[in-house]
**Student:** 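First the structure, then my questions, so here it is.
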Amino acid sequence: MDARKKDARKKFVIGSLVIIATLVVLAYVGYTQSKTYYHTISEVGAMQGSILQQRMRVSGNVRDGSIQHVDGRVDFVLEEEGKTMPVSYIGTDPLPDTFKDGAQALVEGHLASGGRFQAEEIQAKCASKYQAAPPGAAPAQNPGQTMANPTSSSGNGS
Amino acid sequence: MDIFGSFALLLALVAAVYAFAGGIAGIITRRPLLIKSARNSGLAVCVLVAVSVATLEYFLQTDNFTLAYVAEHSNRALPWYYKFAALWSGQEGSLLWWTFLLSLYAFFALFLNRKKHPELMPYVGVILAGVQIFFLTLNNFVASPFHVLGAADASGVMHMAATPDGSGLNPLLQYPEMVIHPPMLYSGYTGFTIPFAFALAALLGRYPGEKWIHITRRWTMVAWTFQTVGILLGAHWAYAVLGWGGYWAWDPVENASLLPWITATAFLHSVMMQEKRGMMKVWNVWLVFVTFMLCILGTMLTRSGVVSSVHAFAESSIGGWFVGFLIIIFLVCLAAWFKNRDYLRSDNQLDSLVSRESSFLFNNLILLAACFAVLWGTLFPVFSEWFTGSKISVGPPFFNKVNVPIALFLIFLTGVGPLLAWRKTSLDGLRRNFAWPLAFGVASGIAAFIFGMRQIYPLICLTLSVFVTLTILAEFYRGARVISARDGSDIFTAARELTMRNTRRYGGYVVHFGMVVIFIGIMGSAFNQDVERQMQVGQSLNIGPYTILVQSFDEVPTDNYDADRATLEVFRNGKSEMMLYPEHRLYLASQVPETIVAVESSPLRDLYVVYPGPSPDTNQPVIHAYLNPLVKWIWFGGVIVVFGTGLAMLPNRRTALVLRPVEAAHSDPLLGTPARVSAMNPMNRGSDSHG
């Protein structure tokens, strides 16, 4: 390899390093702006200190009859394994069509004072059954989901 | 009948196993009859899978609700084309569809090459059969679409039981594009199996010459085109159906489809380094391998719910199978590469930083960086849970921060790269090619700044887009002028002649131009606006230059759904321009509600109106209007890209005739001196008529 080629190679390596370093910095900034922790309801209940400031995602089922519309926000209660968490939806997007009593929901936002969760985004999956399954037959599933084959799934589609 | 379909599927597995084992035995014993029978068995797989797909489709069309799959994904009132699409709307059906498309590709790859490359094809057949065995195992034993609904009678004996009507197709999928988007995307995903098979086969068999790289490149282009169309249709579906005003959310399933597209794009560029300069052979082989692995990973992400997503919201047991398969593929690739790494030794080194070679290297570097960032971001919840114990996800800010600068740098390379000379470019050459386009690009950027555009990325994007477009036009103009001076034709005829003489080069320019148009469309999203308001009949709202007046709200019942409809009149400068009818539907079979967006699309901007129904607080109807500039450019750019790729795959006029006898004489015609290569026109069309 002559000197010119070596030089070209060196320049290429330096250029690459600059590009990669820039991208790593950008990636880190993007990461700190958007990182979101997944927590279960019981973990949220046990939280203390600075982690309360985290942006987080919590999933659970919407308790039947808990959805209330009050002055531009939507309050409801999310429950999972016997634990509950009150949520206020303060986001601007309309609620998803699938958000109703009993739906499985994923809320994203912050914990406000008093243990109430301020959700900015909600994803929901409808858990209702559309038809009574014939006795012994494979349970009917939510067509919105793609699930394992019917012989291996049990219970309703949630 | 269900026995018929599932039996065909089982036979297909048997045939694939024979093609695999018989093929290996044939390679070892070198017995022609054995090799031939293994190949025919590989062809038979496709026929058998087709029978099984046809059977399932027949069940769907005839409303046979004894079949669990039909009962869950269709209903009587569904129009026939959505019954057709129901085939790939659930886990079992879509995996069968995967297998079918894969087998179709394999059929063509084996059939078209049946008399060619006798040293290479047996390996290809074995690899394809290996992939088919995996998917057919899933189809037969893990996610069979032919499960029947059964019920036990009083004595405990099972009987067939049919439901009176199915629970219907997910309304989100009841949209015309859902009939074409999945087949397109799957054709992309499955199509990358063929280049993978050829690359691995060449490596395993130490196939002499560079022929396999042309075959691989050709098939990659086919799969790449399908993947491009699939991704864009998916984005358009998200835009037109999901009703949130955007087309790309960095959702894991969207990302999954982007990953192999990125690596395949990198391959289609770096392969030229190997063809022209004998460089980057190891890199290219690994790009092909990684593309295929990302396809499998993408299918897994879509199907398994490893990462939660709008699409992959469900969890299923199928993920483990894919992980196992990925590990096997990786180990096989690693072993093949390690054993034959001397076969991939490079012939040349980088000569200069300002050269075609280095522009390809940078192109590959940042494409791979983009791929890595997207992959990392997508799988971050999984990794963070492994390493730190808490599951952390990253959102659009992460992806945009990294990928927007990458995209801009790519546009820059798009303009610069193709005009740099191989080995080393002189300063004079740079000035000749780039001075005017660059001047115009910067001028348009400054003009936009004066007219009030202040965001830095859109300004850079505009500057680069003008620059690249002008360099491309200049290329066509320079070449066409030479031809028109020689044979006296007008400049447009000459430009067409120019393109047809070197389809690969000028088709490539068209693809680049299409990408620029797409990027301009994406840039438009920096200027999106939206307004949401509760409205009654007679009220109006303003957005951009438009005024939207509510004329009425009414109900429209159909067989398939009941719709709440808003009738809106749109005014511009006080004049009535159009009527929009956004709907909120309730699908009867599934009882799932859905919003239907009304979009008025023009090249400059889309007016996108959603009627999500009455507000739950006040019971008043709500209208959400978005003004999205330049969105149409994305879809139009996609059309240009596909057109350009089609051009690039055409055989060259003239050169094909000249090249054929030359290539017959040489096993390796493309590794001549650079001077000879450019004299022959950097084409190799004559050799790869396999596609």
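Each chain gets a letter, A, B and so on, in the order its sequence line appears, and its residues count up from 1. Only this structure's heavy atoms are used, side chains among them; waters, hydrogens and symmetry mates stay out. Nothing here was measured: the structure is a model prediction, and the numbers come from that model.
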**Student:** With side-chain contact (heavy atoms from CB on, under 4.5 Å) as the test, would you mind laying out the steps for R57(A) and S393(B) before giving the verdict?
**Tutor:** CA-CA 9 Å; R57(A) 277 187 183 187; S393(B) 73; 4.0 Å; yes
**Student:** If you look at every heavy atom in Y31(A) and I392(B), which pair is closest and at what distance?
**Tutor:** OH-CD1, 4.1 Å
**Student:** If I compare all heavy atoms of S34(A) with all of G395(B), which pair ends up nearest, and what's the gap?
**Tutor:** OG-N, 3.0 Å
**Student:** Give, for atom CG of N400(B) and atom CG of L26(A), the distance between the pair rounded to the nearest 0.5 Å.
**Tutor:** 11.5 Å
**Student:** Can you say whether A373(B) sits under 4.5 Å from chain A via the side chain, the backbone, both, or neither, judging by heavy atoms?
**Tutor:** neither
**Student:** Taking every non-hydrogen pair under 4.5 Å, which of T32(A), V24(A), T36(A) racks up the most with chain B?
**Tutor:** T36(A)
**Student:** L361(B) versus chain A, heavy atoms under 4.5 Å apart: side chain, backbone, both or neither?
**Tutor:** both
**Student:** Which pair of non-hydrogen atoms, one from K401(B) and one from V29(A), has the smallest distance, and what is that distance?
**Tutor:** CE-CG1, 3.9 Å
**Student:** Please flag which part of T595(B) lies under 4.5 Å from any non-hydrogen atom of chain A: side chain, backbone, both or neither.
**Tutor:** both
**Student:** Sort by residue number and list every residue of residues 14-21 of chain A having at least one heavy atom under 4.5 Å from chain B.
**Tutor:** G15(A), S16(A), I19(A), I20(A)
**Student:** Say you draw a straight line from CG of L23(A) to CZ of F372(B); how long is it, rounded to the nearest 0.5 Å?
**Tutor:** 11.5 Å
**Student:** Heavy atoms only, distances under 4.5 angstrom: which of F409(B), F399(B), W376(B), F380(B) has the most pairs with chain A? Name it, please.
**Tutor:** F380(B)
**Student:** Applying ring pair (Phe, Tyr, Trp, His ring centres under 6.0 Å), can you list everything that pairs with F360(B), at least two apart in sequence or on another chain?
**Tutor:** W422(B)
